[in-house]
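What follows is one structure encoded as structure tokens, with my remarks underneath.
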Amino acid sequence: MIQDLASVIVLNWNGRQHLQRCLSSLGSQRYQPCEIILVDNGSSDGSADYVEAEFPSVRVIRLQTNTGFCAGNNLGIRESRGEYVALINNDTEADPAWLAESIEALGANPEAGFTACRIRLFGDRSRLDTAGDLFFSSGYPGKRGSLRHDGPEFDRNEWVFGASAAAAVYRRSMLDAIGLLDEDFFNNMEDVDLSFRAQLNGYRCLYVSSAIVYHKVGATLGTPTNSAGNQYQAHRNHWYVLIKNLPPSLWLRYLGDILGAEALVFVSAIRNGRQDVFLRARADVFRALPLLLTKRKQIQQTRCVPPSYIDSIIRKGWYVHRLAERREERQQANRG
């Protein structure tokens, strides 16, 4: 039965104010998972005590320090036993059918290694956070449908590049084959890296329109998404993803797009007074290059799809997409 197949991992860091809604929604799933594991990343707000008192069926793993998004989730995955592993942020509310629809879709599509769901904004449920992840020839990811009105165009299941780890379901067999989240990322774009590695190994990602989650975007991190720390990790991890995963022939094909995006992002950093963050991130990428190249060698040696397939799932037009996202962000801010 489905309820015997799935483990759900919730990572928490000082998110007690989110947990009642999140864990109650998991307790109301149409098909109950075999376990819900909350990994508490060294919280100081009493989160772990609260969960043990109010949600005794949830297994709590307490860590002494904040080990990061990747390490915390990886611990939960290693401690879990389900055939399917669901990751979901603590700042979410899952529709009662979320888990069942995701697992049923995986059962019906054996070529799918993981699923992306229909993630709507928590505070404006007519709008999307994402309907699956995109990846562009510039080397940058994007969110499909980001901040747009949810509508019929997102009502059908589709193959997409990847899934946001804010709410995603993975086959354990896929994770056993490709590895877990790369802990050197700490947080930010770790799910893009995992999606890329999955695609390189022939595991496709299915967007499941009927699997719905509501998300307080950015609340899990506990810091603004535009903070210097988060921007640093985004700048650095963007290059981590590219160096590890992009096949050699596509480096040649996309080099102009990658360098053009690099110039545009640097100009934007200067305008925002964040050029030091940009440069520090690039310097740290250079220092990490030996390790990244070692990881790249292993990933490329085990790749089992041709570069033409990867080319077919990578989008062009990143700049146009980013302009549209910025416009939606400004309009969302004005509405707020």
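Computed from heavy atoms alone, side chains included, the values below leave out hydrogens, waters and symmetry copies.
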Reference residue Tyr140; test ring pair (Phe, Tyr, Trp, His ring centres under 6.0 Å); the match among Trp318, Trp239, Tyr254: Trp318

Does a side-chain N-to-carboxylate-O contact under 4.0 Å join Asp150 and Arg127? no

Do Asp311 and Ser308 pair up side chain to side chain, a donor and an acceptor below 3.5 Å, judged on atom types alone? no

Within the 3.5 Å criterion, strictly below it, is a donor on Ser173 or Asp176 matched to an acceptor on the partner's side chain? no

Does the pair Asp129/Arg118 count as a salt bridge with the N-to-O cut at 4.0 Å? no

Using a strict 4.0 Å threshold on nitrogen-to-oxygen distance, state whether Arg197 and Asp193 make a salt bridge. yes

Is there a donor-acceptor contact under 3.5 Å linking the side chains of Tyr309 and Gln199? yes

Could you name each residue pair satisfying ring-ring contact (aromatic ring centres under 6.0 Å, His included) that touches residues 151-170, not counting sequence neighbours? Phe114-Tyr170, Phe135-Phe161, Phe161-Phe196

Please determine whether a side-chain nitrogen of the Lys or Arg among Arg62 and Glu52 lies less than 4.0 Å from a carboxylate oxygen of the Asp or Glu. yes

One thing to verify: whether Glu93 and Arg120 come together as a salt bridge, which I'm taking to mean a side-chain N less than 4.0 angstrom from a carboxylate O. no

Would you call Arg144-Asp133 a salt bridge at under 4.0 Å N-O? no

Closer than 3.5 angstrom, by distance alone: can the side chain of Gln275 be matched with the main-chain N or O of Phe266 as a donor-acceptor pair? no

When you measure from the centre of the six-membered ring of Phe278, is the NZ or CZ of Arg282 under 6.0 Å away and within 45° of the axis? yes

Listed by chain and number, what are the salt bridge (Lys or Arg N to Asp or Glu O under 4.0 Å) partners of Asp184, not counting sequence neighbours? Lys295

Using only heavy-atom distances, determine whether the side chains of Asn187 and Gln233 contain a donor-acceptor pair under 3.5 Å. yes

Would you call Arg16 and Asp49 a salt bridge, using N to O less than 4.0 angstrom? no

Apply the test salt bridge (Lys or Arg N to Asp or Glu O under 4.0 Å) to residues Lys244 and Asp182: give CA-CA distance (whole Å), side-chain angles for both, the deciding distance (0.1 Å), then the verdict. CA-CA 11 Å; Lys244 289 177 59 182; Asp182 186 337; 2.7 Å; yes

For the pair Arg171 and Glu83, find out whether any cationic side-chain nitrogen is under 4.0 Å from an anionic carboxylate oxygen. no

Identify which one of Gln17, Arg21, His215, His18 satisfies the side-chain hydrogen bond (donor to acceptor under 3.5 Å, both in side chains) criterion when paired with Asp91. His215

